[in-house]
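We're numbering straight along the sequence, starting at 1.
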Amino acid sequence: MSAEYQLYLATIIEPLQALQMVSQGFELEWVDEPNGPCLFGSGMLVGSNHGIEFKSIIEEEFGFVPNITIWFRLNWDADFEKADRITIRVTIELLRQSSQDAVLLNGDSTVLQRLGGKLLLNDAFNPWITDLLPEVTLPYEICNLPSL
């Protein structure tokens, strides 16, 4: 069993560049996987690709075309609280450095989105209620966001 998040980004950077941008300071180490280099830490893998398979869905639902996808795969033995914190911190750092529009999904649920420069956090995502909110260091609003 594993949990997975997908961050779809409209950006000019390449997938490997995105991982390089967040490879320091997030308790993640480089590992070689069959599909290419990834980052590993706290029972989770962080990888990247061009995410071609879901471009049309993201465009239809959110109004932008993602260039890359960053995926966060949490293993069954992961420290879920720590892995969620790393997921949000990495996402915010990528938004700060490289992205115009973006959406972070957990399955079909929208965790956050940035469209037209406005960052919105989904009030239905329970970890916001606990202690992840301090990890969001960009201006944001909390509201109800639809799921896919």
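Side chain of Arg114 to main chain of Leu95: a donor-acceptor pair is present (N/O by atom type, distance under 3.5 Å, no hydrogens or angles).
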Can you list, pair by pair, the side-chain donor-acceptor contacts under 3.5 Å of residues 132-148, counting residues two or more places apart and other chains?
unit_1, atom_1, unit_2, atom_2, d
Glu135, OE2, Arg85, NH1, 2.9
Thr137, OG1, Arg96, NH2, 2.4
Glu141, OE2, Lys118, NZ, 3.4

Would you mind writing out the side-chain donor-acceptor pairs for residues 54-71 within the sub-3.5 Å range, not counting sequence neighbours?
unit_1, atom_1, unit_2, atom_2, d
Asn67, OD1, Thr11, N, 3.0

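Taking all atoms of both residues into account, the shortest heavy-atom contact from Pro15 to Ser48 is O-OG, 2.9 Å. Among all heavy-atom pairs drawn from Pro37 and Leu19, the shortest one is O-CD1, 3.7 Å. Contact record, Gly41 with Leu28: N-CD2, 3.7 Å, taken as the closest heavy-atom pair.
Sequence neighbours left out, not one pair with a member in residues 101-113 passes side chain to side chain donor-acceptor pair (under 3.5 Å). Residue pairs meeting the salt bridge (charged side-chain N to carboxylate O under 4.0 Å, His left out) criterion with at least one member in residues 18-27, sequence neighbours excluded, are Glu27-Lys82.
In this view, Glu14 satisfies the salt bridge (charged side-chain N to carboxylate O under 4.0 Å, His left out) rule with no residue, not counting sequence neighbours. Checked against side-chain contact (heavy atoms from CB on, under 4.5 Å), Glu33 has the following partners two or more places apart in sequence or in another chain: Val31, Cys38, Leu45. Legend: residues meeting side-chain hydrogen bond (donor to acceptor under 3.5 Å, both in side chains) with Glu81, ordered by chain and number and at least two apart, are absent.
In the hydrophobic clustering of ILVMFWY residues, with side-chain heavy atoms under 4.5 Å counting as a link, Leu39 and Ile13 come out together.
Contact check for Ile86 versus Met44: side-chain heavy atoms found under the 4.5 Å cut-off.
Annotation: Ile12, atom CD1; neighbour count of heavy atoms from other residues, nucleotides and ligands within 6.0 Å does not exceed 12.
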